[in-house]
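Single-structure report; data block below.
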Amino acid sequence: MKHTDASAPVFSLYYIAIDTEAGVTNAQFEQFVREKGCQIPCYPGWRWTLLRGLRGERAGQFLMLYEIKNADMRDRYLCADGNLTELARQFWRDRPHAQQLLREWQQLGTFSALPTIYTDYRLLTENKKSTVMDGPRYRERPGEEPEARVIGIHNLALRPDVEAATFETFIAENYQRIEDYPDWKFRLLKGERGNRLDQYVVMMEIASLAALDVFYPEPDIATDQAAIFASAHRDTKQMYEEWKQLASFSGSPQIYTDYLAVAESQNCGDEQGV
């Protein structure tokens, strides 16, 4: 099945908190990350995006989203218990300037390392027909508004007496029926290790806030355009109804947060770790 593909990317989510007791504000933290924190190097095959909750359960709070090339690339640098491997420790020893940036970051808030709460997710499936292409989730260009994607994180749970294999087989056999809204991309993830194994997560990547607002300008309130799209894609709607017989579905009344990208790593290592 596709979700066992060893080459599939891994997504790690770290709950980030700023030190409000010390008077740190969201704006101050975001400015630091965009101007300096984004230069903290990444392990080879890793990249991160800093997200701020836009609406939902964690509005106004931060999350670090890591996309890692595959599980092998993750395991080279991070142990199953969240501790660093020796290769990772050497990576930081070789980069004293990065250690200084990390110390500055940690004066403002938590960083994506123990004891920060996190979960590693493996990719079960994704909509490869989506118009959302691989690329930066946050980008600034002189004289232009920043490009910022929206990441929706929707926690799911199985219905009583439904086995995980049943739900995952259904998804593997039917995900191709999903048609996303223009500039939206569906992924289904499964918690693999970490502090909060939420089991399943729908991760919806949306090209921009404008692309979200076309269909959902308010939480869980669909526009006429969303209704028209659903009418034109009846098999997708039917697939979702079949899904709901096995597990909860993304959106109200399930727990979710829509996040806006506010910064992204700029200094990613190459495959040789340089």
Between [X] and [Y], is there a donor-acceptor pair closer than 3.5 Å when you use the side chain of the first and the backbone of the second?
| X | Y | result |
| --- | --- | --- |
| Thr116 | Phe111 | yes |
| Asp183 | Ala207 | no |
| Trp46 | Glu67 | no |
| Thr236 | Arg177 | yes |
| Thr125 | Ala172 | no |
| Ser130 | Trp184 | yes |
| Thr119 | Gly194 | no |
| Trp243 | Ile171 | no |

Would Ile117 end up clustered with Tyr259 when hydrophobic side chains under 4.5 Å apart are linked, directly or stepwise?
yes
For residues Tyr256 and Leu65: do they belong to one hydrophobic cluster (side chain heavy atoms under 4.5 Å, members Ile, Leu, Val, Met, Phe, Trp, Tyr)?
no
Does the side chain of [X] reach to within under 4.5 Å of the side chain of [Y], using non-hydrogen atoms?
| X | Y | result |
| --- | --- | --- |
| Val202 | Leu156 | yes |
| Thr85 | Arg76 | no |
| Leu84 | Trp92 | yes |

Rounded distance (nearest 0.5 Å) linking atom [atom1] of [X] with atom [atom2] of [Y]:
| X | Y | atom1 | atom2 | result |
| --- | --- | --- | --- | --- |
| Leu63 | Ile153 | CG | CD1 | 6.5 Å |
| Gln266 | Arg47 | CD | CZ | 11.0 Å |
| Tyr14 | Asn195 | OH | CG | 9.0 Å |

Which class fits the ring pair [X] and [Y]: parallel under 30°, tilted 30 to 60°, perpendicular over 60°?
| X | Y | value |
| --- | --- | --- |
| His233 | Phe229 | parallel |
| Tyr43 | Tyr77 | parallel |
| Phe215 | Tyr181 | parallel |

Should [X] and [Y] count as an ion pair when the cut-off is N to O under 4.0 Å?
| X | Y | answer |
| --- | --- | --- |
| Glu264 | Arg139 | no |
| Arg187 | Glu126 | yes |
| Glu86 | Arg93 | yes |
| Asp75 | Arg193 | yes |

Close aromatic pair by centroid cut-off 6.0 Å: Tyr66 and Tyr118:
no
All side chain to side chain donor-acceptor pair (under 3.5 Å) counterparts of Glu179, not counting sequence neighbours
Lys129
Do other residues, nucleotides or ligands put more than 12 heavy atoms under 6.0 Å from the [atom1] atom of [X]?
| X | atom1 | result |
| --- | --- | --- |
| Glu145 | CD | no |
| Leu101 | CG | yes |
| Asp224 | CG | no |

